[in-house]
Peer 1: 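Right, I'll just put the structure down here and ask away after.
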Amino acid sequence: MPKLTKGNSMFGAGASPGIMSCIAGRLLCDTFLCSRDLLKEVSYSLTQLAKNQLHKDRKEIAPQDIPSMFQKLESLIELIECAQQDAWLSLELMFHLSVIPLTHQLTKLSGNLWGKTLQGARAQRVEYLLLHAFHEQKYINPDKTSAHANEAKDQRLPKRRIDAGSADRNAEEFGGDDAKLETDHVKGKKGPAYAGGLVLEPKRGLYDKYILLLDFNSLYPSIIQEYNICFTTVEKTTDGSIPHLPSFKEIGVLPKLLRDLVERRKRVKQMMKNAPRIKLQQHDIHQQALKLTANSMYGCLGFSNSRFYAKPLAELITLQGREILQRTVDLVQNNLNLEVIYGDTDSIMIHTGLDDIEKAKSIAVKVTQEVNKKYQCLVIDLDGLYKRMLLLKKKKYAAIKVQFRNDIPYEVIERKGLDMVRRDWSLISKEIGDFCLNQILSGGSCDDVVESIHGALVKVREEMKNGEIQLEKYVITKTLTKQPEAYPDGKNQPHVQVALRMKQNGSCTGFSPGDTIPYVICCEQGTSSAGSSGMAQRARHPDELKDNGKWIIDIDYYLSQQIHPVVSRLCASIQGTSPERLADCLGLDSTKFQRRPNYAADVDHSSLLLGSVDDCERYEGCEPLVISCPSCSSSFDCPVVVTSFCGSTDDETVSPAREKPERNFWQSLRCPRCPIDGDMGRVSPAMIANQVKRQADHFLSLYYRNTMTCDDETCNYTTRGLNLRASGDFERGSVCPNYPHCNGHLLKKYTEADLYKQLSYFCHVLDTEKCLQKLNMEASARMSLETSLSRIRPVVQMAASVVSKMRDRCAFGWINLSDLVVAV
DNA sequence: ACCAGGAGCGC
DNA sequence: AGGCGCTCCTGGT
């Protein structure tokens, strides 16, 4: 009798040999594995799949509840019905994904075993495809070699860069007599074995003119055909360098195979045009299978355990890919005078600067014609027309894509690589992120967008504090890659901790690699989140909170670690806000959110409260608060209130307040240049308030003057954003008028962030409360300082409240001119 | 302030 | 039991 175990449980995959032997002769379709292959979901639980794919609800039963359900007839029947429903759902899922027809086609194409195709086995499919192809041409195929043939190669450093030098590879590279058999890239090796695709540095920002997305159809298969790359055509090199392109005239086996696949696909697609409805889906699956097969060949050339492993060929292919992309960029920029803003491996994005979709399309036609002239097999094509786009980083962007159905345009939001599309963020942060993205792409004015984002943050914080957010929205999902016990640093991994505890208390039987673990970050009731224990120790399964009041959601964690970073990244190139201000809206200490080093090369040099704890740095670049004497009409820089009193010496260099005589201004409230005695030089609270307000007004008008400068230093174009619509709009998208001679963008010279920082500095100068809290001093010193400050407080109160009101207005993204008429 | 290691994406 | 390129997070030093 075979052992009916769960399977080897590696990634929860497949059935054990025991089970397989019981169903010998039958096909096993594991819908879990199929779904993981064919779909992109945050979780592949049957519940989740049924909901998202089949739009059906599945009743969940906890494993520990099952025994008790046998006790009563009704609950037993319920259990049976649930089991039955699960079976039907699995079956329905299989049909929904067309698993059977698709794997059937794939198997027919490659000539392997259907059962293996159902298990995934992509490498094996290609192996059989090539075995058949070479056999047909009367070649003798290479033997399959074991994976650890060349174990003695660990002299190579792990993670070493592939471009660091290829000289050290001579000995091992072609030591054997057959390049096809090299097993260089042994299992377990981490670093890449060769260079891959080219990724262009994106020109970050928000674009509101049409963007063209052009890409080469099936780049790597096309390269193989274009340059006749094959085992039979490429000359081997002896020094480990990348081989040259073949001059061989006769078509190689791989190119021929691919050509056949492409032609068959063309024929099938042709047939689809006049096919009866019932045949349509069948053809479509056939067509998909042909494409999948063609595209998976390259991957297996670079797979070190493959029978047809051929690093030189894979390297040659990717090298051609990089050169083709670079040539295309050069052609588009230099010959066609268009701006390429991004590109990845086989695609380029072109900023047309046009509002007219038809004109944009005609540019696409022109570009594709020019590029396609140069190649026989390779074809570049228009793949997307973006009305607006937010380009954040390499492989991270979102856009409003305009598509057509029967010539009727409609818009779809496409999101690539952003936090929201990743499974390892909580739903609440994804929802907020989605909201912000929609706002940013909405086309509304900058002020409106910033206002609504800030408003949403304030609102969500309120809701979180009031406990109005469902528990589900806090759930974070992560995948186990090992057995939970097998993690060396399991103490630090929240999902590992949760899995271990669940197994311990018997709420489940255990976990396998590949399982996804849901958890929420909590804190013990009554303690603050900043408590000593690490985050992993505070992770709990959502169910652990439902019947236990001891652990509650750690709101601070979610505000600062889940919501803030997500929103902050989305807004990185949006003028009018900053990480600090977003933190303010979330009620976080804004000084803790300094610009991270990896944002250093970012567009926004004009920023912001670079919240280093050091005030000197934080307010770097701010203009001093100037007080002018009513009597002698001389003026001086106003010192910081607290600094004058506690006499701290270490900020002698605080930029705006460095002159000595002024240091004791706050003690005497007199002009330092006037005679000590007499009534001359007395400065009244109203005067201070008036002067503060006047200077704040000055910076405000500087902001409203809206001077714009090109961000390309060599260009220096400067203008005023006269156009009102444009002035409220996202400046990042407006290309320098010197274009195409300059590829820069216009930026506000004095941004809202600058204004905010300046006003914050004024607040800081006049502050009599917050600074005090930050100072660590003895109780006696604190007392005397308190006394001094309480004397000053009424004097500065008026000025401080005027400027702090303005600052707060600014902080929420709308500056209301009417508020500036303040009675003094 | 760096580095290593892992997830998880994009292509 | 395809590949590489690129953020990000986390913990450790």
Peer 1: In whole Å, I'd like the distance from the CG atom of A:Leu118 to the P atom of C:dA1.
Peer 2: 13 Å
Peer 1: Contact class for A:Tyr397 vs. all strands (heavy atom < 4.0 Å): base, sugar-phosphate, or nothing?
Peer 2: sugar-phosphate
Peer 1: With the side chain of A:Pro192 defined as its heavy atoms from C-beta on, choose the nearest nucleotide among C:dC9, C:dC6, C:dC4.
Peer 2: C:dC4
Peer 1: Phosphate oxygens OP1/OP2 of C:dC6: is one of them under 4.0 Å from a side-chain N or O of A:Lys394?
Peer 2: yes
Peer 1: Of the candidate nucleotides C:dG2, B:dC9, B:dC11, which contains the atom at the shortest distance from the side chain of A:Thr345?
Peer 2: B:dC11
Peer 1: Mind checking what makes side-chain hydrogen bond (donor to acceptor under 3.5 Å, both in side chains) contact with A:Asp330, not counting sequence neighbours?
Peer 2: A:Gln326
Peer 1: Nearest whole Å is fine: how far is C:dC6 P from A:Lys416 NZ?
Peer 2: 17 Å
Peer 1: Looking at the side chain of A:Asp424, which of B:dG8, B:dG10, C:dA1 is the nearest nucleotide?
Peer 2: B:dG8
Peer 1: Would you call the rings of A:His495 and A:Tyr519 parallel, tilted or perpendicular, taking 30° and 60° as the class edges?
Peer 2: parallel
Peer 1: Could you tell me whether the phosphate oxygens of B:dG8, OP1 or OP2, come under 4.0 Å of any side-chain nitrogen or oxygen in A:Lys40?
Peer 2: no
Peer 1: When you get a sec, tell me which of C:dC4, C:dG2, C:dC9 is the closest nucleotide to the side chain of A:Arg122?
Peer 2: C:dG2
Peer 1: Within the structure shown, what part of the strands sits under 4.0 Å from A:Val421 by heavy-atom distance: base, sugar-phosphate, or nothing?
Peer 2: sugar-phosphate
Peer 1: When you compare the side chains of A:Thr117 and A:Thr107, does any donor N or O come within less than 3.5 Å of an acceptor on the partner?
Peer 2: yes
Peer 1: Taking OH from A:Tyr298 and C1' from C:dG2, how many angstroms apart are they, rounded to a whole number?
Peer 2: 9 Å
Peer 1: Of the options B:dG8, C:dC4, C:dT10, whose atoms approach the side-chain atoms of A:Arg423 most closely?
Peer 2: B:dG8
Peer 1: On DNA chain C, does the nearest nucleotide to A:Val199 precede the nearest nucleotide to A:Asn295 from the 5' side, or the other way round? Give the residue.
Peer 2: A:Asn295
Peer 1: Can you tell me the distance, in whole Å, between the NZ atom of A:Lys311 and the P atom of C:dC4?
Peer 2: 10 Å
Peer 1: If you only use heavy atoms from C-beta on, which nucleotide in B:dC9, C:dG5, C:dC9 is closest to the side chain of A:Ala195?
Peer 2: C:dG5
Peer 1: Rounded to the nearest Å, what distance is computed from the CD1 atom of residue A:Ile317 to the C1' atom of nucleotide B:dC11?
Peer 2: 15 Å
Peer 1: Ignoring backbone atoms, establish whether A:Arg422 has a side-chain N or O less than 4.0 Å from OP1 or OP2 of B:dG6.
Peer 2: no
Peer 1: Compare the minimum distances between each of C:dA1, C:dC6, C:dC9 and the side chain of A:Phe303, then state the nucleotide with the smallest one.
Peer 2: C:dA1
Peer 1: Go nucleotide by nucleotide along DNA chain C from the 5' end; which of A:Cys300 and A:Gly197 gets its closest nucleotide reached first?
Peer 2: A:Cys300
Peer 1: In whole angstroms, how far is the C1' atom of B:dC9 from the CZ atom of A:Arg415?
Peer 2: 13 Å
Peer 1: Compare the minimum distances between each of C:dC6, C:dC9, C:dC4 and the side chain of A:Tyr194, then state the nucleotide with the smallest one.
Peer 2: C:dC4
Peer 1: Rounded to the Å, how far apart are A:Asp346 CG and C:dG5 C1'?
Peer 2: 13 Å
Peer 1: Looking at B:dG10, C:dT7, C:dG3, which one has an atom nearest to any side-chain atom of A:Lys395?
Peer 2: B:dG10
Peer 1: Do A:Gln105 and A:Gln288 have side-chain atoms, one donor and one acceptor, less than 3.5 Å apart?
Peer 2: no
Peer 1: Calculate the interatomic distance between A:Leu198 atom CG and B:dC11 atom P; express it in whole Å.
Peer 2: 14 Å
Peer 1: Would you call A:Lys394 and A:Asp344 a salt bridge, using N to O less than 4.0 angstrom?
Peer 2: no
Peer 1: Are the ring centres of A:Tyr558 and A:Tyr474 closer than 6.0 Å?
Peer 2: yes
